[in-house]
Amino acid sequence: MPETFIPSGTTDVADLIKWAAAETRPLSLHGHRSKAGLGRPAQTEYALDMSRLSGILDYEPAELVLTLRPGTLVSDVEKLLGARNQMLAFEPPDYGPLWGHAAARGTIGGAIGCNLAGPRRFKAGAVRDHLLGFTAVSGRGEIFKAGAKVVKNVTGYDLPKLVCGAYGTLAALTEVTLKVLPAPEKTRTVLVFGLDDARAIQALAAAAASPHEVAGLAHLPAAVAALSGVAYVAKAGTGVTAVRIEGTDISVKARCEALRDLLGAFGPLEELHSMNSAWLWREIRDAAAFTLPQDRPLWRMSTAPLSGPAVTAVIAQAQPEARFFYDWAGGLVWLTLPAAQDAHAGLVRGAIAAHGGGHATLLRADLATRAAVPVFQPQPAALAALSQRVKDSFDPINILNPGRMAPSAGT
């Protein structure tokens, strides 16, 4: 285990990173380690535990702006916002249980660093669309700020978008400001039963193209639907296609009726209200159906929505034990496969390349596999060179999370 430093403020973080840079001592950054299994394994002698940098610094409900420390638990933020009927619209998932960790231990910093968003992303945007500004420390140990504590800010480079999805390789965040939104008054979900994958994606495309402002579009094949904690879904015995509607009570009722008229031609219908609807979308958000068994590799694939069924068909033909489901109207495909030394990387990425392209992230595998197989989609040479130049500008000595996203010297 690496020797761990636990800073309590921005100045502490800057001093520690300055020391690490001067001594050429790489640091792995983490909060509660709920996402330690995501990305390549970082082999460092020292670690920076950011969990003590937690707490709300400023919350202005009327302005829809929240400033807080990155070590704050997402679950605590959701409780705070829920008391004011507000929410994090990007719907941050709780992936900890996928790697055997306790639920509700993910931090805001982890959600930002990994750019994690749930089923509402296709409508509300990703984390990077909600991060207004931040304070951070670069790999040189320099404190800097970017963005602003207002919704409209157009001055300078859009660094908030850059740090989202950087996995802590560019800077150590010490303060973040997020845009929040009002929570919907009511939520319902229209279910369509009995569709095969291709027909289900057609139904989701029809719902997405409709004027009914849908907020969730997913399809669960029968084997995955059977694992749901929602009885209507688990006992269906068929594939289940789900369309979520959010808003005021009167609006939701009217739009659900219109959606039932639209989707009735595809198959039998049912409707989930309140708790059942919320439960189902939490399962989809967290890929809960694939929590066990944890020795099975887990992939998160992005494809053109209509190409998803063709991609999974190729994979299922080669690996009949493959299990998968679709989110974002088919643009996001979750896939779990039998254990293999290479996590079936060639099969997965080859199927995507053969059907329109996209990318695949190896979300779960053992340490040896994550060290040997590209966890993230390999970049074209020009893009990889650009990424390296960005990394060098923030962290020229490669102090922060070296090797977390791609192999580097000594990893």
Heavy-atom donor-acceptor pair, [X] side chain to [Y] backbone, under 3.5 Å:
X      : Y      : value
Arg128 : Cys164 : yes
Arg40  : Gly403 : yes
Trp328 : Ala218 : no
Gln86  : Pro61  : yes

Test log, rule side-chain contact (heavy atoms from CB on, under 4.5 Å), inputs Glu175 and Thr10: CA-CA 8 Å; Glu175 180 180 317; Thr10 301; 5.6 Å; no
Gap separating the [atom1] atom of [X] from the [atom2] atom of [Y], nearest 0.5 angstrom:
X      : Y      : atom1 : atom2 : answer
Leu363 : Phe376 : CG    : CZ    : 8.5 Å
Thr24  : Ile399 : OG1   : CD1   : 6.0 Å
Arg25  : Glu45  : CZ    : CD    : 5.0 Å
Ile56  : Leu68  : CD1   : CG    : 4.5 Å
His212 : Leu262 : NE2   : CG    : 5.5 Å
Thr177 : Phe134 : OG1   : CZ    : 10.5 Å

Ignoring hydrogens, what is the shortest heavy-atom contact between [X] and [Y]? Give both atom names and the distance.
X      : Y      : value
Val224 : Ala289 : CG1-CB, 3.8 Å
Val137 : Ala14  : CG1-CA, 3.7 Å
Met87  : Leu81  : C-CD1, 3.7 Å
Leu259 : Ser210 : CD2-OG, 4.4 Å
Ile108 : Val74  : N-CG2, 3.8 Å
Ala351 : Ile315 : CB-CG1, 3.9 Å

Ring pair (Phe, Tyr, Trp, His ring centres under 6.0 Å) partners for [X], two or more places apart:
X      : answer
His130 : Phe90
Tyr59  : none
Trp19  : Phe5, Tyr46

Test item: [X] and [Y] side chains (from C-beta on) under 4.5 Å apart, heavy atoms:
X      : Y      : result
Thr187 : Val252 : no
Lys391 : Met405 : no
Asn401 : Asp395 : no
Pro92  : Leu116 : no
Phe144 : Leu159 : yes
Pro7   : Leu53  : yes
Leu131 : Val163 : yes
His273 : Lys186 : no

More than 12 heavy atoms of other groups within 6.0 Å of Glu185 CD: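 Atom CD in Glu185 is packed in, count exceeds 12.
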Enclosure of Gln317 CD (heavy-atom neighbours >12, cutoff 6.0 Å):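 Atom CD in Gln317 is not packed in, count stays at 12 or less.
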Side chain to side chain donor-acceptor pair (under 3.5 Å) partners of Gln379, counting only residues at least two apart: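 Listed in chain order: Ser387.
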Plane angle bin for Tyr95 and Trp334 - parallel if under 30°, tilted between 30 and 60°, otherwise perpendicular: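 Rings of Trp334 and Tyr95: perpendicular, over 60°.
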Table please: side-chain donor-acceptor pairs of residues 193-200 below 3.5 Å, with sequence neighbours left out.
{"from": "Asp196", "atom 1": "OD1", "to": "Ala198", "atom 2": "N", "distance (Å)": "3.4"}
{"from": "Asp196", "atom 1": "OD1", "to": "Arg199", "atom 2": "N", "distance (Å)": "2.8"}
{"from": "Asp197", "atom 1": "OD1", "to": "His219", "atom 2": "NE2", "distance (Å)": "3.3"}
{"from": "Asp197", "atom 1": "OD2", "to": "Tyr326", "atom 2": "OH", "distance (Å)": "2.8"}
{"from": "Arg199", "atom 1": "NH1", "to": "Gln202", "atom 2": "OE1", "distance (Å)": "3.0"}

Residue of the set Asp327, Leu191, Val233 for which side-chain contact (heavy atoms from CB on, under 4.5 Å) holds with Leu220: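 Exactly one pass, corresponding to Val233.
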Between Asp76 and Thr72, a side-chain donor and acceptor under 3.5 Å: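 No donor-acceptor contact under 3.5 Å links the two side chains.
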Check: Arg404/Thr169 side-chain N/O donor and acceptor closer than 3.5 Å: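 The answer is no; no qualifying pair exists.
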Steps toward side-chain contact (heavy atoms from CB on, under 4.5 Å) verdict (Leu162, Phe394): CA-CA 11 Å; Leu162 190 62; Phe394 282 87; 3.6 Å; yes
Chi angles and distances behind the side-chain contact (heavy atoms from CB on, under 4.5 Å) call for His359, Ile352: CA-CA 7 Å; His359 59 86; Ile352 292 174; over 6 Å; no
Any residue meeting side chain to side chain contact (heavy atoms under 4.5 Å, CB included) with Ala353, in chain and number order, not counting sequence neighbours: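 With sequence neighbours excluded, Ala353 shows a side chain to side chain contact (heavy atoms under 4.5 Å, CB included) to no residue whatsoever.
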Contacts of type side chain to side chain contact (heavy atoms under 4.5 Å, CB included), residue Ala316, not counting sequence neighbours: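 Counting only residues at least two positions away or on another chain, Ala316 forms a side chain to side chain contact (heavy atoms under 4.5 Å, CB included) with Phe324.
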Pairs touching residues 345-358 that satisfy side-chain hydrogen bond (donor to acceptor under 3.5 Å, both in side chains), sequence neighbours left out: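 Residue pairs with at least one partner in residues 345-358: Arg349-Gln377.
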Selection residues 360-370 - residue pairs positive for side-chain hydrogen bond (donor to acceptor under 3.5 Å, both in side chains), sequence neighbours left out: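 Pairs touching residues 360-370 that pass the test: Asp366-Thr369.
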Quiz: residues 27-37 side-chain donor-acceptor pairs under 3.5 angstrom, not counting sequence neighbours:
{"from": "Ser28", "atom 1": "OG", "to": "Thr44", "atom 2": "OG1", "distance (Å)": "3.3"}
{"from": "His32", "atom 1": "ND1", "to": "Arg105", "atom 2": "NH2", "distance (Å)": "3.1"}

N-O pairing of Glu91 and Arg244 below 4.0 Å: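 Salt bridge flag = yes for Arg244 with Glu91.
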Residues 276-287 side chain polar contacts: donor-acceptor under 3.5 Å, at least two apart:
{"from": "Ser277", "atom 1": "OG", "to": "Thr189", "atom 2": "OG1", "distance (Å)": "2.6"}
{"from": "Trp279", "atom 1": "NE1", "to": "Glu283", "atom 2": "OE2", "distance (Å)": "2.9"}
{"from": "Trp281", "atom 1": "NE1", "to": "Thr189", "atom 2": "OG1", "distance (Å)": "2.8"}
{"from": "Glu283", "atom 1": "OE1", "to": "Ser228", "atom 2": "OG", "distance (Å)": "2.7"}
{"from": "Glu283", "atom 1": "OE2", "to": "Gly229", "atom 2": "N", "distance (Å)": "2.6"}
{"from": "Asp286", "atom 1": "OD1", "to": "Asp94", "atom 2": "N", "distance (Å)": "2.8"}

From CA spacing to verdict: side-chain contact (heavy atoms from CB on, under 4.5 Å), Val180, Leu88: CA-CA 5 Å; Val180 302; Leu88 296 171; 4.1 Å; yes
Salt bridge (charged side-chain N to carboxylate O under 4.0 Å, His left out) involving Arg52 - partner list, sequence neighbours excluded: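 Checked Arg52 against salt bridge (charged side-chain N to carboxylate O under 4.0 Å, His left out); zero matches.
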